[in-house]
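Whatever order the structure lists ligands and atoms in, that order sets their numbers, starting from 1.
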Amino acid sequence: MANILILGGGFAGLVAAERLAHSTGPEHQITLVAPNRNFTFYPALVELAFGETESDSITFDLREKLDLLDVRFIQGELLRVNRSAQTAEITGDDMKGDLNYDIVVFAMGRRLATEKVSGFFEYSHHLLGVNAAKKFGDAVNNFKTGDIVLGVCPGGRLPVPVCETAFALARRFEAEIEAGTVTIKVIFPESLAAAFGGAAIHNQLEAAFAKHKINVLYDVPIIEITADEVISSEKHHIKHDLLMLVPPFRGQAIVRDLGITNEEDFVKVNDRMEVHGMDMAYAAGDLVAFSGPKFAHMAVRQAEVAAANILSELKGETPSQAYYHEIATVIDAGGPESIYLHYGVWDDNIYRIRQGSFWGWAKEVHDRVWRARHR
Ligand SMILES: Cc1cc2nc3c(=O)[nH]c(=O)nc-3n(C[C@H](O)[C@H](O)[C@H](O)COP(=O)(O)OP(=O)(O)OC[C@H]3O[C@@H](n4cnc5c(N)ncnc54)[C@H](O)[C@@H]3O)c2cc1C
């Protein structure tokens, strides 16, 4: 019998638990630890901010879901891992103390390093949570005239919701933009290709922005935000009346002392999702130190690979499933400018880009089906 401990209840943790529960017998104990009892379907947070969905439709109860799978759920937070004793210290509503494990899966997602940009907390909205998205939605509803600024801070590896928010706002304020009383700017810390892991998406995306009179600025590494300006290390001063930014991402400092992280606290893994230099340890999702943007579909595929390799270990076989780092995403522009991008980040071997209303619809259907199948 093996104790498999999954730390984190987001896309990576949930999918790892599902795959393992479906393929192992009752002789193995699977435990998932997460501080929050709710699973949040982050890709729908833009819709939530714009009142197109309800929070109940995009969250569900993890404990109920995991009960059905015979996976033990512990509401709690990892404090530290003792690798020689193979224990994880947990604190939370369900327990305070050490859990033993034979195999551990790190799936705790990213940390929002808002402290890296002075003034972020005070003056910027973000979309990385149900409450934050609702608060931004309220600010949009109260907004009448002025300059809207949306963007990504250095290290904020999430360009899609920024683009989708810009298109949603351009639809909402179409008349005001035409009349010149509202402007929308989108800012990136580097090039558009850098934001999308090297993929050439600028022709389609820039044309879509231009059609909706959205201005795009590149090479604006934000270092400071004041009540009315966004300031970059390149001396840009950009006025804002409504501001929504993706903050810098970092991994989780609580695993730093295990010697498994890079300089930004992301966990180093090989393509089998095995943690570098730590036996019987896997990692998946936003927490891993792979290059490029971070997407839910990557977290899901990484979790599937980790689960397949754990199953091999349980059978005494050598783990052999390999993960391929690719982007497969849709930027829903709410009409014919919607873009589908499929791109191989590591080797450029895959590059497909399509455009049309179909892709926005396909994303909506895909997301609904995903939520229905996993809740
Ligand atoms: C607004 C928005 C829009 C997005 N749009 C898209 C999109 O269109 N397409 C797409 O593919 N991706 C999209 N993403 C990205 C996607 O949501 C992430 O890539 C995905 O959530 C990563 O999954 P994860 O499991 O690694 O992390 P998360 O989903 O963040 O889950 C991390 C889990 O770890 C838990 N945790 C944290 N700390 C601890 C601890 N100390 N101990 C135990 N548990 C802990 C958390 O509570 C949570 O349960 C979007 C994200 C946002 C915010």
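- Taking distance alone, with nitrogen or oxygen atoms compared against 3.5 Å, I254 stays at or beyond that limit from ligand 1.
- Interface atoms of ligand 1 facing L78, defined by a heavy-atom separation under 4.0 Å, are 40 (C), 41 (N), 42 (N), 43 (C).
- Using a 4.5 Å heavy-atom threshold, the side chains of Y282 and I103 count as touching.
- Under the 4.0 Å criterion applied to side-chain N and carboxylate O atoms, E174 and K213 are not assigned as salt-bridge partners.
- Remark: minimum distance from atom 2 (C) of ligand 1 to any protein heavy atom is reached at Y42 O, 3.5 Å.
- Closest protein heavy atom to atom 1 (C) of ligand 1: L127 O, 3.6 Å.
- A salt bridge between D286 and R110 is present, with a side-chain N of the basic residue lying under 4.0 Å from a carboxylate O of the acidic one.
- Residue contacts with ligand 1: R110 is included, with a non-hydrogen atom under 4.0 Å away.
- Proximity to G9 (heavy-atom distance under 4.0 Å) selects the following atoms of ligand 1: 33 (C), 34 (O), 48 (C), 49 (O).
- Nearest residue to atom 31 (O) of ligand 1 from G10, A253, A88, A49 is G10 (criterion: closest heavy atom).
- Shown in contact with G285 at under 4.0 Å from a heavy atom are these atoms of ligand 1, numbered in order with element: 26 (O).
- Look at V33 and you'll find a heavy atom under 4.0 Å from some atom of ligand 1.
- In terms of N/O distances under 3.5 Å, ligand 1 is approached by A12.
- Close contacts between ligand 1 and L158 involve ligand atoms 14 (N), 15 (C), 50 (C), 51 (C), 52 (C), 53 (C) [criterion: under 4.0 Å to a heavy atom].
- Among all heavy-atom pairs drawn from V149 and K239, the shortest one is CG2-O, 3.4 Å.
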| task | Apply salt bridge (Lys or Arg N to Asp or Glu O under 4.0 Å) to K116 and E264, showing your working. | result | CA-CA 12 Å; K116 300 276 172 202; E264 292 188 334; over 6 Å; no
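- Using cut-offs of 30° and 60° for the angle between ring planes, the F167 and F209 rings count as parallel.
- Taking atom 21 (O) of ligand 1 as the reference point, the nearest protein heavy-atom neighbour is F11 CD1, 3.3 Å.
- Under a 4.0 Å N-O distance rule, the pair R373/E18 does not qualify as a salt bridge.
- Below 4.0 Å from some heavy atom of K294 lie the following atoms of ligand 1, by number and element: 15 (C), 19 (O).
- At a threshold of 4.5 Å between side-chain heavy atoms, the hydrophobic network of Ile, Leu, Val, Met, Phe, Trp and Tyr places V117 and L158 in two separate groups.
- Residue contact annotation: N36 has no non-hydrogen atom under 4.0 Å from ligand 1.
- Inclusion of G76 in the set of residues having an N or O under 3.5 Å from an N or O of ligand 1 is not warranted.
- Salt bridge annotation for D94-R72: absent, with no cationic side-chain nitrogen under 4.0 angstrom from a carboxylate oxygen.
- Of the candidates Y323, F266, Y324, Y323 is the only one forming a ring-ring contact (aromatic ring centres under 6.0 Å, His included) with F290.
- Looking only at protein heavy atoms, the nearest one to atom 13 (C) of ligand 1 is P43 CG, 3.8 Å.
- Of the candidates P159, A283, P35, it is P35 that places a heavy atom closest to atom 44 (N) of ligand 1.
- Scanning the protein for heavy atoms near atom 37 (C) of ligand 1, the closest one is M108 O, 3.4 Å.
- Within the 4.5 Å cutoff, the side chain of L20 has heavy atoms near those of the I6 side chain.
- Contact annotation for A107 and ligand 1: only backbone heavy atoms (N, CA, C, O) come within less than 4.0 Å of the ligand.
- Residues V186 and F120 do not share a hydrophobic cluster, clusters being chains of Ile/Leu/Val/Met/Phe/Trp/Tyr side chains in contact below 4.5 Å.
- By the rule that hydrophobic residues join a cluster once side-chain heavy atoms approach within less than 4.5 Å of another member, M244 and I187 end up as members of separate clusters.
- Taking the six-membered ring for Trp and thresholds of 30 and 60 degrees, F60 and F39 have nearly parallel ring planes, at less than 30 degrees apart.
- The protein atom (non-hydrogen) at minimum distance from atom 22 (C) of ligand 1 is D286 OD1, 3.2 Å.
- The shortest contact between atom 9 (N) of ligand 1 and any protein heavy atom is with F295 CD2, 3.9 Å.
- Between T87 and N82, the side chains place no donor N or O within less than 3.5 Å of an acceptor N or O (distance only, hydrogens not considered).
- The closest approach between a heavy atom of R111 and any atom of ligand 1 is not below 4.0 Å.
- For ligand 1 and G109, the ligand atoms under 4.0 Å from any heavy atom of the residue are 26 (O), 27 (O), 32 (C).
- Between T329 and ligand 1, no pair of N/O atoms sits closer than 3.5 Å.
- An N or O contact shorter than 3.5 Å links K363 to ligand 1 by distance.
- With hydrogens left out, the protein atom closest to atom 11 (O) of ligand 1 is A296 N, 2.9 Å, a heavy atom.
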